[in-house]
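Take a look at the structure below.
Keep in mind it's a predicted model, so treat the numbers as computed, not measured.
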Amino acid sequence: MPWNTLWLILILLLCLAYVWFKYRASHREKHNRAPERESFTIEVLTEKVKNSLHELSHSQLADAGLHEEEYRRRINQRAEMRKALKGCVSGSISDKTYVKNLIGDLLTRSIGLSKSNIDEVIYFGETELLTVQDQFEIVFYLYRQQFGVDALSRMIDTYDLGRLRLSEGADDGGSYYISEEDIRYVFECEYRELGFREKTDIIVQRIYQHYKG
């Protein structure tokens, strides 16, 4: 066999081997690559909470193989949950509290909200990235811890936010409003580092607003 033919066969075999090793390496990398973790946002968490609550309230307990006592307990729990989900819309404080506690449990026990990812939902650790809504809800939460149902009125009185605002050159007698600058100032004065439970409560409130209004 001519040397030229042998060289061509050898080069062809080397090319085939190279293609094979590249394919195996690519396949192995794809197989070993860790799946991308789903980002945690208010929208994503709200959807997960909705799906979880729907599943809890519509699951078929008869097919779960439960003992009679456990079956009755689950039936009563589901009835209580359905009642609370309906009652919180009409303004029942106890039903709202029940639903918020349920959302908090779902987030931390089932959905995977933790200390390592909670700042992805709201940028608690990077205050310069917080929106005005974030800042207001954080400050309002801190006031509510101290003053309960009087939180908003105490905040307004403390920072004189209820005063009449007169616009320069306007002749309409002024108006009452709270500006974004007001919220930023109050936030700068009141903010402190929050614990995991406090951050979770604020996120629960935001999800509840998205879910139930």
Item to check | Contacts of Thr200 that satisfy side-chain contact (heavy atoms from CB on, under 4.5 Å) - sequence neighbours left out | outcome: Thr108, Leu113, Ile118, Phe196, Arg197, Val204
Next on the checklist: List the residues meeting side chain to side chain donor-acceptor pair (under 3.5 Å) with Thr131, not counting sequence neighbours, and say none if there are none.
Outcome noted: Asp134
Do [X] and [Y] belong to the same hydrophobic cluster, where Ile, Leu, Val, Met, Phe, Trp and Tyr are linked whenever their side-chain heavy atoms lie under 4.5 Å apart, directly or via other members?
| X | Y | result |
| --- | --- | --- |
| Val121 | Tyr123 | yes |
| Leu152 | Val132 | yes |
| Tyr185 | Tyr141 | yes |

Atom [atom1] in [X], atom [atom2] in [Y]: separation rounded to 0.5 Å?
| X | Y | atom1 | atom2 | answer |
| --- | --- | --- | --- | --- |
| Gln205 | Ile202 | CD | CD1 | 10.0 Å |
| Ile207 | Ile103 | CD1 | CD1 | 6.5 Å |
| Glu80 | Asp95 | CD | CG | 9.0 Å |
| Ser52 | Ile111 | OG | CD1 | 4.5 Å |
| Arg82 | Leu53 | CZ | CG | 12.0 Å |
| Asp201 | Gln145 | CG | CD | 7.5 Å |

Item to check | Test log, rule side chain to side chain contact (heavy atoms under 4.5 Å, CB included), inputs Met81 and Gln77 | outcome: CA-CA 6 Å; Met81 181 182 68; Gln77 283 181 336; over 6 Å; no
Checklist entry - Passes side chain to side chain contact (heavy atoms under 4.5 Å, CB included), Ile122 versus Arg206? Steps please. => result CA-CA 10 Å; Ile122 294 177; Arg206 179 78 66 86; 4.1 Å; yes
Any idea which heavy atoms bring [X] and [Y] closest together, and the distance?
| X | Y | value |
| --- | --- | --- |
| Gln135 | Thr127 | NE2-O, 4.2 Å |
| Ile178 | Arg165 | CA-NH2, 4.3 Å |
| Arg154 | Tyr143 | C-CE2, 3.9 Å |
| Tyr208 | Cys88 | OH-CB, 3.3 Å |

Are there over 12 heavy-atom neighbours, none belonging to [X], within less than 6.0 Å of that residue's [atom1]?
| X | atom1 | answer |
| --- | --- | --- |
| Gln146 | CD | yes |
| Phe147 | CZ | yes |
| Glu180 | CD | no |
| Lys83 | NZ | no |

Checklist entry - Between Leu102 and Val49, is any pair of side-chain heavy atoms under 4.5 Å apart? => result no
Checklist entry - Do you see a donor-acceptor pair shorter than 3.5 Å between the side chains of Tyr211 and Glu47? => result no
Just by modelled atom types, is the [Y] backbone N or O under 3.5 Å from a matching donor or acceptor in the [X] side chain?
| X | Y | result |
| --- | --- | --- |
| Arg163 | Asp160 | yes |
| Asp182 | Ser179 | yes |
| Asn117 | Ser114 | yes |

Item to check | Asp119 with Lys199: basic N within carboxylate O range, under 4.0 Å | outcome: yes
Next on the checklist: Under a 4.0 Å threshold between the charged nitrogen and the carboxylate oxygen, would Arg192 count as salt-bridged to Glu198?
Outcome noted: yes
Item to check | side chain to side chain contact (heavy atoms under 4.5 Å, CB included) assessment of Leu106 paired with Leu56 | outcome: CA-CA 11 Å; Leu106 288 172; Leu56 286 172; 4.0 Å; yes
Next on the checklist: Under the rule for ring pair (Phe, Tyr, Trp, His ring centres under 6.0 Å), what residues qualify as partners of Tyr98, not counting sequence neighbours?
Outcome noted: none
Next on the checklist: Under the criterion side chain to side chain contact (heavy atoms under 4.5 Å, CB included), I'd like the reasoning laid out for Leu142 against Leu194: C-alpha separation, chi angles, the key distance, then a yes or no.
Outcome noted: CA-CA 9 Å; Leu142 295 174; Leu194 302 170; 3.8 Å; yes
Item to check | Parallel, tilted or perpendicular: ring planes of Phe140 versus Phe136, cut at 30 and 60 degrees | outcome: parallel
